[in-house]
Protein chains: 2
Amino acid sequence: MTIKEIAKLANVSLGTVDRVIHKRGKVSKETEKKILDIIDKVNYTPNIYARGLVLNKQYRIKALLPEFRQGQYWEMPVKGMQNAATNLSQFGIQLEVLYFDQNSVTSFNSAAKQLLSYKPDGVILAPVINFEAVKLSKKLKDAQIPYVLIDSLIQNSEPLSFIGQDAFQSGRLAAKLLCTEINLKGSISIISIKNNENYNSTLQQRIEGFKDYIANSDFIDQISLNESHIHVGSPDMPMAIENAIGTKENVDGVFVPSSMIHHVAAYVDRYRQRFPNLKMIGNDLIPNNIRHLEKGTIHYLIGQRPENQGYYALSSFYKHLVLGQRVAEDIYLPLDIITQENLKYYNNNFQYNF
Amino acid sequence: MTIKEIAKLANVSLGTVDRVIHKRGKVSKETEKKILDIIDKVNYTPNIYARGLVLNKQYRIKALLPEFRQGQYWEMPVKGMQNAATNLSQFGIQLEVLYFDQNSVTSFNSAAKQLLSYKPDGVILAPVINFEAVKLSKKLKDAQIPYVLIDSLIQNSEPLSFIGQDAFQSGRLAAKLLCTEINLKGSISIISIKNNENYNSTLQQRIEGFKDYIANSDFIDQISLNESHIHVGSPDMPMAIENAIGTKENVDGVFVPSSMIHHVAAYVDRYRQRFPNLKMIGNDLIPNNIRHLEKGTIHYLIGQRPENQGYYALSSFYKHLVLGQRVAEDIYLPLDIITQENLKYYNNNFQYNF
DNA sequence: TAAAATAGCGTGTACGTACCTTATTTTTAA
DNA sequence: TTAAAAATAAGGTACGTACACGCTATTTTA
């Protein structure tokens with residue numbers, strides 16, 4: 001059904017239907033109602049080709065993400081976004097990624113300022129620096145620029161959609177796997193490793209989930225837990241790791257709720273004979289972690305499909321801006337359990353629809 | 001860059017460029033070369049909107065799949081396909097699914113005949129009845145109808161793409177998980193359950209993978225294996241299950257390489273006290289299996305994203321027919337490990353790009 | 001009471017492509 | 001040499017939509 005046919009049905013001209021559809025006014029109440037009724041009845045949807053052709057519009061989406069080096073976590077969402085950008089470029093979706101230093105509020109703010117100056121049609125935001133992200137989200141709201149949150153949520157925000165994971169449940173899952181590996185008894189060390197100073201709700205939730213699982217198990221009495229916090233790059237990191245995994249009495253299991261488990265794995269690997277039965281579980285399929293998974297130092301990795309997160313983030317805008325569809329509000333991606341055996345088809349075989 | 005601009009650059013009319021692009025002939029060699037050079041240089045790609053608008057073409061894709069009842073495996077790929085059909089309908093992709101009885105060659109052939117009579121623009125084929133599928137694939141090739149294979153491959157075929165899983169690796173993964181659960185020692189029963197009489201390469205490969213993992217482990221001596229084959233619906237199924245999981249001495253682990261593990265789980269559940277420590281692992285997130293996973297009767301399920309398989313199958317045709325893109329030949333989907341803890345985000349939260 | 005403003009509606013054009021029709025030039029055959 | 005045929009090129013139209021603009025009848029203002 002086309003506008004022309006609707007016009008014929010309503011005994012009006014094409015232009016009148018057009019004005020009704022686009023709410024341009026200058027149509028009498030009764031004519032408007034008649035046309036709306038017909039549109040409703042025949043279930044009219046605009047022809048995407050014709051619309052795309054005439055609008056010939058470019059949608060500029062800016063992503064604001066933490067800067068990263070090769071092999072670090074944020075490389076993966078970016079990969080997914082760029083993949084989506086390739087697929088969606090023919091629909092006029094343009095992506096540019098702006099980066100900020102996770103440890104520098106100044107850097108975030110200057111990037112945010114730049115971003116706003118572009119007057120983009122949409123923004124993808126990783127609220128790694130929570131407080132500043134809140135401020136930016138307010139500005140975006142004022143400027144009527146839709147934004148998608150990726151990785152974690154922020155308070156009182158009204159994003160077009162949120163794309164991330166259930167971090168609490170991720171922690172519970174890690175606990176379940178690790179406890180099975182160590183046969184439901186022994187000493188477990190939770191090692192929280194970060195490369196920035198920000199409060200990280202994701203890490204926190206994972207740790208809480210981890211503890212929750214054990215606290216609510218029937219083998220809680222057989223497990224002893226201790227928790228340490230380490231900052232990447234600090235000179236006493238080796239010592240901190242040493243302390244965390246035990247100097248005199250060794251621990252049986254290690255849980256690192258971030259993508260940084262490879263630092264512990266590297267240490268364990270170096271002094272292999274001291275930790276013959278240590279089981280380790282961490283998050284994220286980054287190359288350094290994968291290497292240790294293949295070697296057997298790490299036993300499980302929990303993935304959250306960061307590439308898909310990136311892909312969805314951009315395609316949310318495609319749906320919203322190009323197709324004019326409603327977008328799902330919250331997208332929680334599955335928590336993938338990865339071992340040596342199923343690594344292969346997670347590793348480099350990400351296929352995208354489209 | 002548009003055809004018009006290219007025409008201007010080449011100092012010819014729009015129609016001439018059109019003839020060159022569509023190889024309609026009636027253009028002198030030199031003019032053709034000049035135009036091709038320009039097209040190459042400016043990296044011309046046709047505007048998908050304008051093309052779609054003028055062609056206004058409907059692509060009729062027919063899928064030929066095993067019939068199913070609610071809750072059975074094939075429901076899931078179909079769901080994915082129909083989801084894709086909804087998203088792609090605005091691009092002129094139309095899907096109709098034809099069904100056949102897995103136990104009836106006649107049924108397959110009559111459905112295949114019907115399918116061919118439609119002269120579809122593309123076919124999605126589940127080669128569950130292998131021999132007949134081979135014949136159909138030949139006919140499709142002769143008729144120059146592209147087809148996508150889903151679930152399993154067939155010999156000597158040249159599909160547009162294959163979408164499925166690595167069944168051998170799936171079996172290895174199952175073995176790894178089950179062996180960890182039973183603490184690397186004990187008696188394991190492989191129970192192959194089918195609801196048809198066809199040779200099923202997927203099941204076979206999973207079983208081989210399962211055995212391969214144990215055969216190449218260093219605890220092979222601690223494991224005893226036995227294998228049984230059961231046909232769903234046969235009157236002696238309960239007895240067969242009874243025999244498979246042990247009458248006098250119980251087994252420690254059960255592996256069912258199909259989606260039919262719920263039959264065993266139901267049995268185990270009924271006589272729970274007899275199997276206090278039995279660990280079970282199977283395939284596919286169908287409702288019956290999920291229920292037993294939630295209850296704890298089943299410990300792990302291995303998924304292969306059947307909805308995604310269905311989605312990819314149809315979007316392969318979108319890529320091929322609408323966008324004119326090259327399509328990835330083989331798509332192996334990840335082998336997902338599902339437990340009580342990460343079930344939620346696999347269960348009903350499948351999101352699709354687009 | 002005439003002029004100006006406005007409501008309501010229709011018309012025309014452009015987007016880039018595919019394809020059909022017509023015009024011009026070149027080649028061939030008589 | 002000329003008419004017919006073939007080859008080549010040009011022109012035009014339609015696809016469905018968005019939007020600028022124009023027209024008429026009515027209402028408001030001066």
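Convention: sequence-line order gives letters A, B, ...; per-chain numbering from 1.
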Residues from residues 7-14 of chain A sitting under 4.0 Å of DNA chain C, heavy atoms only? A/V12, A/S13
Side-chain N or O of B/T16 closer than 4.0 Å to phosphate OP1/OP2 of D/dA10: yes
Any chance you could encode DNA chain D as dot-bracket? Rule is Watson-Crick or G-U wobble with both distances under 3.5 Å; [ ] for pairs crossing earlier ones, | for another strand. ||||||||||||||||||||||||||||||
Quickly work out the B/Q90 CD to D/dT17 C1' distance and round it to whole Å. 15 Å
If only side-chain N and O atoms count, and only distance matters, is there a donor-acceptor pair under 3.5 Å linking A/E307 with A/Y311? no
Pull out every residue in residues 33-47 of chain B that has a heavy atom closer than 4.0 Å to any atom of DNA chain D, ordered by number, or say none. none
Between B/E132 and B/K135, does at least one N-O distance fall below 4.0 Å, as a salt bridge requires? yes
Does D/dG16 have its OP1 or OP2 closer than 4.0 Å to a side-chain nitrogen or oxygen of A/R51? no
Is the closest basic N to carboxylate O distance between B/D142 and B/K138 below 4.0 Å? no
Counting the atoms with a prime plus P, OP1 and OP2 as sugar-phosphate, which does A/I3 contact under 4.0 Å by heavy atoms, base, sugar-phosphate, or nothing? sugar-phosphate
How long is the line joining CG of A/N56 and C1' of C/dA14, in whole Å? 11 Å
With A/A10, which residues qualify under side-chain contact (heavy atoms from CB on, under 4.5 Å), at least two apart? A/V12, A/K34, A/I35, A/I38
Enumerate the residues from residues 17-31 of chain A whose closest heavy atom to DNA chain C is under 4.0 Å, giving them by residue number; use none for an empty result. A/R19, A/K26, A/V27, A/S28, A/T31
Measure up the A/F68 and A/Y99 rings against each other and bin them: parallel (under 30°), tilted (30 to 60°), perpendicular (over 60°). perpendicular
Contacts of A/E30 meeting salt bridge (charged side-chain N to carboxylate O under 4.0 Å, His left out) (sequence neighbours excluded), chain-then-number -> none
Determine the minimum heavy-atom distance between B/L64 and B/A111, stating which atoms define it. CD1-CB, 3.6 Å
Please tell me which of the listed nucleotides, D/dC19, D/dC15, C/dA14, lies nearest to the side chain of A/K4? D/dC15
